[in-house]
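Below you'll find the structure, written out as structure tokens, and then a few comments.
So you know, we letter chains A, B, ... as the sequences are listed, proteins then strands, and number each from 1.
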There are 2 protein chains.
Amino acid sequence: MELNAPGFRPLYRQVQELFRQRIADGTWRPGQALPAEPRLAAELNVSQGTVRKALDELAAQSILVRHQGRGTFVAEHTEETAMFRFFRLAADDGSRLLPTSRVLSCAVERAAPRAQDRLGLGQGDAVVAIRRLRLLADRPAIYEFIAAPAELFPGLAELGDDLPNTLYDLYQRRWGVTIGRAVERLKAVPAPLAEAEALGAGPGDPLLEIDRVAQDLEGRAVEWRVSHCRCDTLHYESVLE
Amino acid sequence: MELNAPGFRPLYRQVQELFRQRIADGTWRPGQALPAEPRLAAELNVSQGTVRKALDELAAQSILVRHQGRGTFVAEHTEETAMFRFFRLAADDGSRLLPTSRVLSCAVERAAPRAQDRLGLGQGDAVVAIRRLRLLADRPAIYEFIAAPAELFPGLAELGDDLPNTLYDLYQRRWGVTIGRAVERLKAVPAPLAEAEALGAGPGDPLLEIDRVAQDLEGRAVEWRVSHCRCDTLHYESVLE
DNA sequence: GAGTGGTCTAGACCACAAT
DNA sequence: TTGTGGTCTAGACCACTCC
């Protein structure tokens with residue numbers, strides 16, 4: 001690995017890119033500890049400060065987690081972290097409850113045009129399509145439709161009722177797909193029939209529609225999810241800084 | 001200033017806090033250049049690296065802007081920066097148009113209970129209350145209600161029809177109040193009568209409600225804003241990372 | 001006690017902007 | 001040419017964790 005080649009990019013960025021690859025290709029797995037800074041520096045023939053800058057930036061992006069005295073680890077999804085990072089719905093009193101799930105359907109389908117668009121798929125490609133109802137404090141709150149490329153997640157459709165409550169940690173553990181970023185588009189829409197019935201709302205009642213595309217660490221779209229939420233006692237929280 | 005007192009906080013955090021104060025109290029004004037790193041380091045008897053770390057973090061928070069070869073500047077709100085940071089509505093085709101505004105009313109009022117709550121005001125406190133309609137591509141898209149403590153913005157209510165399109169840069173230039181953070185709560189709601197009429201929607205039609213509290217650099221709530229948006233061709237974009 | 005990341009320093013050289 | 005921030009290095013000491 002020639003890191004000292006005339007630098008068209010800063011050295012610490014090249015180091016960062018290398019680390020990113022090692023995580024993406026599974027050399028360093030989620031939860032695993034990285035070699036210590038001095039070892040990495042010696043291996044790559046750069047100073048410890050350069051390694052440190054690369055690691056610090058990856059930690060800021062939640063790709064790594066650093067613990068003083070223990071080491072640097074590849075970040076691992078858990079229900080809690082996924083909840084904090086990717087679930088922005090909260091009760092109006094401010095509390096953040098983890099929703100429970102009831103699976104309505106789970107099967108392999110041909111990707112609809114909109115799914116093809118969101119996931120960058122072709123005409124004949126298949127997706128695992130999941131529909132489920134999510135309850136907050138035992139009340140139906142969210143109707144969720146999920147589509148993910150079947151090729152990426154073999155065996156996902158067969159889980160059926162055994163689908164766990166949170167999927168991102170499953171994607172990571174079972175298929176090595178780590179969600180690193182998600183882009184959401186929100187709208188207020190009249191409740192479609194199926195959603196209204198499942199949620200116990202009237203047809204046409206306002207629902208919050210959340211259209212999310214989730215990307216892996218390399219920026220590839222790996223899941224499309226559309227949620228319809230009752231907003232009686234719920235809201236979506238967004239912090240702008 | 002005793003920075004070398006036995007460090008209960010890291011040195012660079014103390015330096016950062018000092019810089020933050022200098023911006024908050026107007027020693028360093030928006031748009032103005034800071035002294036160069038070596039000068040700051042000499043003044044505070046710390047190394048340039050420590051100053052650098054403090055400045056880098058402030059730049060990451062958009063409180064400072066750094067330009068190689070030119071210097072470090074206190075960040076200044078403009079229509080463009082405010083648009084990018086604090087306006088998350090976009091057309092469904094992805095374009096980001098700056099909305100125009102038509103002021104409906106602008107006056108000093110006694111703060112309603114909800115406004116008191118959001119802004120941390122007392123019973124008798126007054127707010128400047130602004131209602132305006134915002135157009136995107138010449139179509140009514142957003143009905144906006146704004147409440148800000150009258151004490152903080154003397155003369156704001158008198159602007160009336162002369163209110164500029166974007167307010168955050170005005171707050172900064174005229175009253176030295178810099179918005180550094182905003183927390184938004186989104187809901188889907190049925191259109192209230194006034195909003196429906198102004199927006200050309202039916203009463204009860206779904207609207208996206210955005211309830212925003214904006215804070216200054218020290219975290220004080222300085223503006224409360226409730227927007228109701230038509231979502232036919234619009235959506236709210238949120239990026240989770 | 002040994003090993004980890006966190007902080008702080010000092011100094012060199014580079015890229016860029018202004019003059 | 002001068003001054004700015006950006007990068008890179010080398011080494012010291014501290015705080016924390018684990019054995």
A:Arg212 vs A:Arg118 side-chain heavy atoms within contact, under 4.5 Å: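 Of all side-chain heavy-atom pairs linking A:Arg118 with A:Arg212, none is under 4.5 Å.
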
Flag side-chain contact, heavy atom, 4.5 Å: A:Thr233 against A:Arg139: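 They are in contact (side-chain heavy atoms under 4.5 Å apart), so the answer is yes.
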
DNA chain D: 5'-proximal contact among A:Gln68 and A:Val51 (nearest heavy atom):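 Counting from the 5' end, the first nearest nucleotide belongs to A:Val51.
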
Mind calculating the distance between [atom1] ([X]) and [atom2] ([N]) to the nearest angstrom?
X       : N      : atom1 : atom2 : result
A:Leu44 : D:dC8  : CG    : C1'   : 14 Å
B:Leu64 : D:dG5  : CG    : P     : 11 Å
B:Gln48 : C:dA12 : CD    : P     : 12 Å
B:Gln14 : C:dC8  : CD    : P     : 8 Å
B:Phe73 : D:dG5  : CZ    : C1'   : 11 Å
A:Arg39 : C:dG5  : CZ    : P     : 11 Å
A:Asp56 : D:dC8  : CG    : P     : 14 Å
B:Arg13 : C:dG6  : CZ    : C1'   : 11 Å

[X] side-chain N/O to [N] phosphate OP1/OP2 under 4.0 Å:
X       : N     : result
B:Thr50 : C:dT9 : yes
B:Lys53 : C:dC8 : no
A:Arg70 : C:dG5 : no
B:Tyr12 : C:dT7 : yes

Check: A:Arg52 side chain, C:dG6 base, donor-acceptor under 3.5 Å: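 Yes, the side chain and the base share a sub-3.5 Å donor-acceptor pair.
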
N-O pairing of B:Lys187 and B:Glu209 below 4.0 Å: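 Result for this pair is no, no salt bridge flagged.
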
Residues A:Asp211, A:Arg114: salt bridge by 4.0 Å N-O rule: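 Looking at A:Arg114 together with A:Asp211, the answer is yes, because their closest N to O distance falls below 4.0 Å.
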
What nucleotide, of [options], holds the atom closest to the side chain of [X]?
X       : options              : result
B:Ser47 : D:dC18, C:dT9, C:dG5 : C:dT9
B:Val46 : C:dT9, C:dG5, D:dT9  : C:dT9
B:Leu11 : C:dC8, C:dT7, C:dA17 : C:dC8

Donor on one side chain, acceptor on other, A:Gln14 and A:Arg9, under 3.5 Å: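 Their side chains do not contain a donor-acceptor pair, so the 3.5 Å distance test is not met.
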
